[in-house]
Each structure stands twice: as structure tokens, then as C-alpha cells.
Amino acid sequence: MREPTEFHLPADSDEAIRIQRALAGNVRLDPLPRPPRLVAGADLAFLPGRDIGVAAVVVVDLRSGQTVDEVIITRPVPFPYRTGLLSFREIPAVLDCLIGLHHQPDIIICDGQGIAHPRRIGLASHLGVVLNRPTIGCAKRCLIGDYIEPGPEKGATTPLLHQGLEIGRVVRTRTAVKPVFVSPGHRVTIEDAVAVVLAVAGGYRVPEPVRRAHLAAEQEKRRLLSPWSRRDWRGH
DNA sequence: GCGACAG
DNA sequence: ATCTTGTCGC
């Protein structure tokens with residue numbers, strides 16, 4: 001896919017927050033220009049105890065349901081985890097994956113928040129601004145906002161509200177299973193974001209592209225930790 | 001000060 | 001996120 005634009009790595013949390021405040025104004029919520037066909041999912045796994053992440057991006061063809069592209073990379077993560085600053089930890093690795101794609105996804109779903117964030121620029125929004133491309137945040141837990149539980153049926157939704165504004169939606173992606181928290185990342189509306197997530201909701205809680213990315217990263221992590229691929233094997 | 005706190 | 005087996009329920 002196309003080369004990403006700028007991503008500035010902050011030296012500390014204060015600078016990270018300044019960057020978020022500077023970038024938040026660039027986030028746009030627009031309807032998708034056309035129905036998406038290639039939907040990507042991004043996720044990371046971490047090697048225990050170390051700041052080394054395994055990132056995976058999987059591109060799924062919405063029509064066939066098949067994976068058409070996949071990139072997995074392992075690299076140190078350059079920023080510690082802090083609530084509200086997740087993007088600085090995960091974006092570099094995700095960008096490394098995106099550079100290796102052979103297909104340009106129409107939209108990317110991230111495992112985290114979009115605008116449902118204290119400064120309205122969670123992981124998905126930050127990535128979207130850096131790429132200037134449509135992104136969606138789909139988190140397993142709520143970061144900010146108030147809501148009531150959606151109905152038990154797959155497809156049920158309720159608004160996620162914060163300071164009198166709708167910042168996302170609580171979405172039941174599978175019947176009788178805990179809902180996920182969907183918010184626009186960049187260049188997508190709340191309605192379109194929910195529609196895309198439900199369109200790629202297979203038989204599991206996590207949308208299929210993100211689920212596949214999660215599995216891929218997890219599998220690669222296990223491979224790296226297994227005795228077979230260790231460099232000190234046989235003395236090396 | 002108290003409680004909350006994406007991955 | 002990660003450390004971790006079996007078990008209860010739809």
C-alpha cells in the first residue's frame with residue numbers, strides 16, 4: 001500500500017499529549033465514498049516481559065470472506081503503555097506491516113478506540129490521520145463514555161455518549177456475547193463504522209479481519225518462543 | 001482525594 | 001497485553 005506520512009515519536013507522555021491535541025483537529029468523520037470491499041484488521045501480540053511486539057495486518061475481501069493479504073512483523077515497541085496513549089506504542093509496528101501489503105484496503109479496523117478517547121484521538125483515529133485513510137476503532141472494553149447495554153441479539157446497538165455527544169456505539173457482534181465498542185477512527189461516520197463492523201462480524205465477537213490479525217500475531221509469537229526458532233539452538 | 005483506566 | 005486448565009452454559 002501507499003507510503004505512510006509522518007509519525008512523530010514523543011520523548012515522554014507530556015509530548016505525546018501535545019501531539020494528540022495538535023492532531024485531534026485533523027480527524028474527519030465523513031461517509032465512506034463507496035461500500036468497502038477490502039477490509040483490513042490490525043493487532044499486536046507481545047513477547048512476555050519485553051517491549052517487543054508482533055504486529056499483524058490481515059486484509060479480508062468482504063465479498064468472498066477470504067484473506068487476500070497478510071503481513072506480520074516483529075520489532076521493539078518504542079513507547080510504554082499508558083492509558084490514553086496506546087497509539088504511540090502500537091502505530092509504528094502497524095505502519096511497518098502496512099508498507100508490506102500488496103493490496104490497498106478500503107478501511108482498517110483497529111483493536112482499540114477511535115474518537116471514543118479523552119482527546120478524541122485514540123489509536124484508530126491517530127492511525128487514520130497519519131495515513132489519511134479511513135479507519136475504525138473496535139475495542140473490547142470501554143475507555144470513556146456512558147451507555148446502556150444493547151439488546152442481546154446480534155446487530156443490537158446503543159449510543160456511546162460523552163459530554164453530550166455521541167462518540168461511538170456499543171455493538172452486539174454476536175448474540176448473547178459481550179458487545180464491542182465501535183467508534184470512527186478517521187474519514188468514516190459512526191453509522192458507516194458500525195455497518196462495516198457488522199458486515200465483517202463472523203461467528204465471533206471480534207470482527208473477522210481483527211480476529212485473523214490477532215490469531216496471526218499470536219501464532220507468530222508462539223513460533224518465536226518455541227525452541228525450534230531460537231537462535232541459541234545448537235550453539236548459535 | 002476517589003475511582004477509572006483501550007492494549 | 002501477559003501469566004494459565006478446566007469447566008459451565010448456550
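Because the structure is a prediction, the values reported are computed rather than measured. All values below come from the heavy atoms of this structure, side chains included, with hydrogens, waters and symmetry mates left out. Convention: sequence-line order gives letters A, B, ...; per-chain numbering from 1.
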Trainee: Please report the closest heavy-atom contact between A:Thr189 and A:Pro31, naming both atoms and the distance.
Mentor: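 Where A:Thr189 meets A:Pro31 most closely, the heavy atoms are CG2-N, 3.4 Å.
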Trainee: Start with the C-alpha gap between A:Arg211 and A:Asp43, add the side-chain angles, then the distance that decides, and say whether salt bridge (charged side-chain N to carboxylate O under 4.0 Å, His left out) holds.
Mentor: CA-CA 8 Å; A:Arg211 179 172 170 273; A:Asp43 191 35; over 6 Å; no
Trainee: Quick one: do the A:Arg133 and A:Gln104 side chains pair a donor with an acceptor below 3.5 Å?
Mentor: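 Note: A:Arg133 and A:Gln104 side chains meet the donor-acceptor criterion.
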Trainee: Can you work out whether A:Ala176 or A:Glu90 has the more 5'-proximal nearest nucleotide on DNA chain C?
Mentor: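 Closest to the 5' end, via its nearest nucleotide, is A:Glu90.
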Trainee: Compare side-chain N and O positions of A:Lys140 against OP1 and OP2 of B:dG7 and report whether any pair is under 4.0 Å apart.
Mentor: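 Yes, A:Lys140 has a side-chain N/O under 4.0 Å of OP1/OP2 on B:dG7.
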Trainee: Without swapping roles, check the side chain of A:Thr135 against the backbone of A:His186 for a donor-acceptor pair under 3.5 Å.
Mentor: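 Such a contact is found between A:Thr135 side chain and A:His186 backbone.
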Trainee: In whole Å, I'd like the distance from the CG atom of A:Leu215 to the P atom of C:dA1.
Mentor: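 Rounded to whole Å, this separation is 12 Å.
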Trainee: What is the nucleic acid contact for A:Leu85, judged by heavy atoms within less than 4.0 Å: base, sugar-phosphate only, or nothing?
Mentor: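 Here A:Leu85 touches the bases of the nucleic acid.
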Trainee: Could you check how far CG of A:Asp43 sits from P of C:dA1, rounded to whole Å?
Mentor: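 Nearest whole value for this atom pair: 7 Å.
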Trainee: To the nearest angstrom, how far is A:Ile91 atom CD1 from B:dA6 atom P?
Mentor: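 Those two atoms, CD1 and P, are 17 Å apart.
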Trainee: Quick one: A:Ile109 CD1 to B:dG7 C1', roughly how many Å, whole number?
Mentor: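 It is 17 Å, rounded to the nearest whole Å.
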Trainee: Under 4.0 angstrom, heavy atoms only, what part of the nucleic acid is A:Gly137 near: base, sugar-phosphate, or nothing?
Mentor: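 A:Gly137: no heavy atom of the nucleic acid under 4.0 Å.
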Trainee: Could you tell me whether the phosphate oxygens of B:dG7, OP1 or OP2, come under 4.0 Å of any side-chain nitrogen or oxygen in A:Arg89?
Mentor: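 No, because none of the side-chain N or O atoms of A:Arg89 sits under 4.0 Å from OP1 or OP2 of B:dG7.
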Trainee: Starting at atom NE2 of A:His126, determine the distance to atom P of B:dA6, rounded to an integer number of angstrom.
Mentor: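 Rounded to whole Å, this separation is 19 Å.
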Trainee: Please write out each protein N/O paired with an N/O of nucleotides 2-9 of chain C under 3.5 Å, distance rounded to 0.1 Å.
Mentor:
{"residue": "C:dT2", "atom": "OP1", "partner": "A:Phe46", "partner atom": "N", "Å": "3.4"}
{"residue": "C:dT2", "atom": "OP1", "partner": "A:Lys221", "partner atom": "NZ", "Å": "2.9"}

Trainee: Verify, without hydrogens or angle tests, whether A:Arg169 (side chain) and A:Glu166 (backbone) share a donor-acceptor contact under 3.5 angstrom.
Mentor: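 The answer is no, because no donor-acceptor pair under 3.5 Å joins these two groups.
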Trainee: Using OP1 and OP2 only, check whether a side-chain N or O of A:Arg141 sits under 4.0 Å from B:dG7.
Mentor: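 The answer is yes; a side-chain N or O of A:Arg141 sits under 4.0 Å from OP1 or OP2.
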Trainee: Can A:Tyr81 be called stacked on B:dG7 when the rule is centres closer than 5.5 Å and an angle between planes below 30°?
Mentor: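 Yes, aromatic ring over the base.
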Trainee: Could you check whether any side-chain N or O of A:Thr173 sits under 3.5 Å from a backbone N or O of A:Arg205, counting only pairs where one atom can act as donor and the other as acceptor?
Mentor: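 Confirmed, A:Thr173 side chain pairs with A:Arg205 backbone.
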Trainee: Between atom CZ in A:Arg119 and atom C1' in B:dA6, what is the gap in whole Å?
Mentor: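 Those two atoms, CZ and C1', are 12 Å apart.
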Trainee: Between the side chains of A:Thr67 and A:Arg212, does any donor sit under 3.5 Å from an acceptor?
Mentor: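 The answer is yes; a qualifying pair exists.
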Trainee: Report the distance from atom CD1 of A:Ile144 to atom P of B:dG7, rounded to the nearest whole Å.
Mentor: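 Going from A:Ile144 (CD1) to B:dG7 (P), I get 14 Å.
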Trainee: Is there a donor-acceptor contact under 3.5 Å from the side chain of A:Thr175 to the main chain of A:Lys154?
Mentor: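 Side chain of A:Thr175 to backbone of A:Lys154, a donor-acceptor pair under 3.5 Å: yes, one is there.
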Trainee: Would the number of heavy atoms belonging to other residues, nucleotides or ligands and lying under 6.0 Å from CD of A:Glu191 be above 12?
Mentor: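 It does: A:Glu191 CD has more than 12 such atoms within range.
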Trainee: Just to be sure I follow the notation: if a pair is Watson-Crick (purine N1 to pyrimidine N3 plus N6-O4 or O6-N4) or a G-U wobble (N1-O2 and O6-N3), each under 3.5 Å, what dot-bracket string does DNA chain B give, with | for pairs to another strand?
Mentor: .......
Trainee: Just how far, in rounded Å, is C1' of C:dA1 from CZ of A:Phe79?
Mentor: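 Distance check: A:Phe79 CZ to C:dA1 C1' gives 16 Å.
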Trainee: Between A:Asp69 (side chain only) and A:His102 (backbone N and O only), is there a donor and an acceptor less than 3.5 Å apart?
Mentor: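 Yes.
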